[in-house]
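Residue numbers start from 1 in every chain, and the chains themselves are labelled A, B, ... in the order their sequence lines are given, proteins ahead of strands.
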Number of protein chains: 2
Amino acid sequence: MSLPRAKLTKNFPGCPVEATLSYLDGKWKGVILFHLMDGTLRFNELRRKLPAVTQRMLTKQLRELEGSGLVSRTVYPVVPPRVEYALTPLGDTLKPVIRALAAWGEEYVFCRPEGHELRDPSCAPAALQA
Amino acid sequence: MSLPRAKLTKNFPGCPVEATLSYLDGKWKGVILFHLMDGTLRFNELRRKLPAVTQRMLTKQLRELEGSGLVSRTVYPVVPPRVEYALTPLGDTLKPVIRALAAWGEEYVFCRPEGHELRDPSCAPAALQA
DNA sequence: CGGAATCCATGGAGATACTG
DNA sequence: CAGTATCTCCATGGATTCCG
């Protein structure tokens, strides 16, 4: 995707970090993208991988990711319904970013100090939840 | 910081991506960290760099970053008060992540499709705000 | 200068129930 | 299977005022 390069810096009126975070905003976008990095997933497959998320929220987050152009939604007109979610080409470009987020999380989540709470407790290994 | 490595994967009960995002959660953490990557800043210096953020929110976000162990707050007992914010060693480890977020934002923010809104309009160059 | 305190509007997000 | 539809509640965040 060789598109015109934006010239955003923190001195420019606009912050590229916040721009990217705006795509990951919301409670479950990160995990969803993380899982979709491995390939296409159906709605309930995704649900099973995110035990703590409600159906409503999963739908909502997926719709937002679709609206952002990061995720594609393919409906197969069969019974029972079959809907598949996958990363779009734009979504693919986020992979290095997701990997960077994952790498830091793996490395430093155990450093979590008293003051810091995880957004979703189920997002921490059992050893940390006590 | 060679600490015990967590073994979080998306198969493990806990997602390293969400863990990292939990540190960046909130409306202004990303930009704040981005600016602090260049060095120590005083409260009002930070304010000037983030025209759209209210005083209350800046304080709040800084307190949370402090609580998370990413940012240090140093008060100099002088009049007028002087308070300096800087990245902690843990905060420094986030630099590659912030850089990844910034790189993607610079590259793809112009791809922003109809469906996607930036969290803060002032976070986009004027050309995009129309 | 660098906040704290208060009030208030919005909507993000949970729980539950229903459907093509 | 893959969603809507409501109802509700609470946290987020804006605006404003006051303070050492």
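For B:E64 and C:dG3, the CD to C1' distance is 16 Å, given to the nearest whole Å. As rounded to whole Å, 9 Å separates atom C1' of D:dA2 from atom CZ of A:R42. If you take NZ of A:K29 and P of C:dG12, they are 10 Å apart, rounded to a whole angstrom. To the nearest angstrom, C1' of C:dG2 lies 18 Å from NZ of B:K60. Between A:L62 atom CG and D:dC1 atom P there is a gap of 17 Å when expressed in whole angstrom units. Atom-to-atom, CZ of A:R73 to C1' of D:dA2 comes out at 8 Å; the value is rounded to the nearest Å. Computed from coordinates, the B:F43 CZ to D:dC19 C1' distance equals 14 Å when rounded to whole Å. Across the protein-nucleic acid pair, A:D25 atom CG and C:dG12 atom C1' stand 10 Å apart, rounded to whole Å.
Side-chain atoms of A:R63 lie closest to D:dT4 of the nucleotides D:dT4, C:dA4, D:dA2. With D:dA15, C:dG2, D:dC1 as the choices, the nucleotide that has an atom nearest any side-chain atom of B:R56 turns out to be D:dA15. Distance from the side chain of B:T54 is smallest to D:dG14 among D:dA2, D:dG14, C:dG2. Comparing D:dC1, D:dG14, C:dA13 by their closest approach to the side chain of A:M57 singles out C:dA13.
When each of A:P81 and B:R82 is assigned the nucleotide of DNA chain C bearing its nearest heavy atom, the one mapping closer to the 5' terminus is B:R82.
In this structure, the side chain of A:S72 does not engage the main chain of A:L87 through any donor-acceptor pair within 3.5 Å. Between the side chain of B:K60 and the backbone N or O of B:R56, no donor-acceptor pair lies under 3.5 Å. Checking side-chain atoms of B:T88 against main-chain N and O of B:L70 turns up a donor-acceptor pair under 3.5 Å.
In this structure, B:Y85 does not reach the C:dC1 phosphate: none of its side-chain N or O atoms is under 4.0 Å from OP1 or OP2. Taking side-chain N and O atoms only, B:K27 has a distance below 4.0 Å to OP1 or OP2 of D:dG14.
Looking at B:L41 and B:K49, their side chains come closer than 4.5 Å, going by heavy atoms from C-beta outward.
A perpendicular orientation is assigned to the rings of B:W104 and A:Y23, their planes being inclined by more than 60° (bins at 30° and 60°).
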